[in-house]
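What follows is a set of notes on a single structure, which appears directly below.
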Amino acid sequence: MIRLAIIGSTGSIGKQCLEVVDKLGKDKIEIVAMTCGYNLELFKKQIQKYRPEYTASMSDREDISENTNHFTGEGGIKKAIQISDPDYIMMSVSGSIGLKYSLFSLDYCKRLCLANKETIVCGGGYFLNKAKMKKVKILPVDSEHSSIFQTLLGDVKPEEIFLTASGGSLRDKNPEEIQNATVNEVLKHPVWSMGKRITVDSSTMVNKGLEIIEASYLFDFPQEKIKTYICRNSFIHGGVKFIDGSMKFHIGKPDMKLPIAYSLTYPERVVKEEGINNLDELNLNLEKIDIKKYPSLKIAREICGIHSLQIAYNAADEEAVKMFLNNKIKFGQISVIISKTLDRIPELNNLNYNDIFKIENTARILANEVNL
Ligand code: MG
């Protein structure tokens, strides 16, 4: 019986995690804690169905629950993690707050199922060292990283790693159209249904940039050997190439429930899914990425391994995406804000907890001050 805490149950990954929990069944998994941000309408329904002993939310509205021990605020979410005594924690909050919860979680669980990119990108070596010290197993939930993790099981260190990208909603537009793309155009993702920021990040390929950094840390691999291609149907998620020229690719339907389930059941495969049936119809075409269309992807490669700039890259993007979604800037200006923010951040490594959040805060302020 797995005792699971879900941090961020009302988001896209959180909801799909609950579907996986349903499939696993009550005799295999129990939700001991569940937390959310502000979507209390959905959260109340989830609490009614899953009856976790402890719950927490960022929102402090009082009508949330009579039957459970409910805590509020950042401290409340940490308290729910601590007091519920979970075996596994699903970290499915978005944004850099996820790093705070992930670091905290390392003291209270055996396995951290990680769907929060910022934990690795902003936590860098500081986070991974602590995870190692605390002997907490990190299971990547990001589909590409789960794929690479799976292709590497029982094998040697590869020569190259592959990550695929769908290309996002603007993949067939020319650079000028991309520059002026509207919010509605950008939010229509061709393959995945996800939160707003990550959908915008798919179109700028900031998401892929963050994933290159994530892969570089998770698999201890230089960024120049992490290759990226467009796979339009996202059937290939990732893969590896070995010294003898052999390659392994992970293929599956673009469905986040697959990596979520694997992170919970590893090393077993328990959840039954139909998968892809007609292999003769399986199109595994990979395309080169036109780097000119995705300046933010180029920036990510340049800063990979420089901890302070990774933090600033993520923070500046988060701010720029907010501005874009509020129609304050053009789509093409997201990468300009990132680049100009990075220009003003010193290159630093070996950061501690306070450094990380100080740089993050500075980067957010600088991002909002950029003269376009
Ligand atoms: Mg991904």
Side-chain angles (χ1 to χ4, degrees), residues 8 11-17 20 90-96 98-99 102 112-123 138-152 161-171 186-219 221 223 226-240 249-264 266 286-287 289 294 296-297 300-301 304 310 313-314 317-318 321:
S12 169
I13 300 290
K15 285 190 277 188
Q16 295 181 77
C17 180
V20 171
M90 173 62 66
M91 190 54 61
S92 46
V93 297
S94 63
S96 54
L99 170 59
S102 291
L112 184 62
C113 306
L114 198 54
N116 175 268
K117 290 187 172 74
E118 288 82 359
T119 295
I120 303 288
V121 171
C122 304
I138 306 295
L139 265 289
V141 174
D142 209 340
S143 60
E144 295 80 359
H145 306 78
S146 174
S147 308
I148 295 160
F149 179 86
Q150 292 179 52
T151 51
L152 282 174
I161 284 178
F162 302 99
L163 289 179
T164 64
S166 67
S169 45
L170 307 176
R171 63 190 180 191
V186 171
L187 290 182
K188 270 186 219 131
H189 196 280
V191 185
W192 300 94
S193 161
M194 310 175 285
K196 273 186 189 171
R197 181 191 169 200
I198 189 170
T199 305
V200 177
D201 283 350
S202 292
S203 300
T204 53
M205 285 224 193
V206 164
N207 186 49
K208 218 41 59 183
L210 294 172
E211 288 180 355
I212 290 170
I213 298 169
E214 202 184 351
S216 170
Y217 278 83
L218 279 174
F219 306 110
F221 220 71
Q223 66 81 15
I226 302 171
K227 306 283 157 94
T228 43
Y229 291 90
I230 287 180
C231 180
R232 283 178 175 260
N233 56 20
S234 295
F235 277 19
I236 299 178
H237 308 296
V240 289
F249 287 100
H250 180 277
I251 296 167
K253 276 189 178 166
D255 181 349
M256 286 308 293
K257 288 196 280 300
L258 210 149
I260 290 168
Y262 193 71
S263 76
L264 294 172
Y266 161 86
L286 293 177
E287 298 167 26
I289 295 178
Y294 305 101
S296 303
L297 182 61
R301 287 196 178 276
C304 183
Q310 292 175 185
Y313 178 87
N314 177 70
D317 174 67
E318 211 174 309
V321 169

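Numbering of ligands and ligand atoms starts at 1, following listing order.
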The Mg ion (ligand 1): protein N, O or S atoms that are less than 2.8 Å away, sorted by chain: Asp142 OD1, Glu144 OE1, Glu211 OE2
Ion pair Asp317/Arg197, N-O distance below 4.0 Å: yes
With Lys15, which residues qualify under side-chain hydrogen bond (donor to acceptor under 3.5 Å, both in side chains), at least two apart? none
Could you pull out all residues at least two apart from Arg171 that satisfy side-chain hydrogen bond (donor to acceptor under 3.5 Å, both in side chains)? none
Residues which pass side-chain hydrogen bond (donor to acceptor under 3.5 Å, both in side chains) with Thr164, listed by chain and number, not counting sequence neighbours: none
Tell me whether Lys227 is salt-bridged to Glu144, with the criterion being a basic N under 4.0 Å from an acidic carboxylate O. no
Under a 4.0 Å N-O cut-off, is there an ion pair linking Lys257 with Asp255? yes
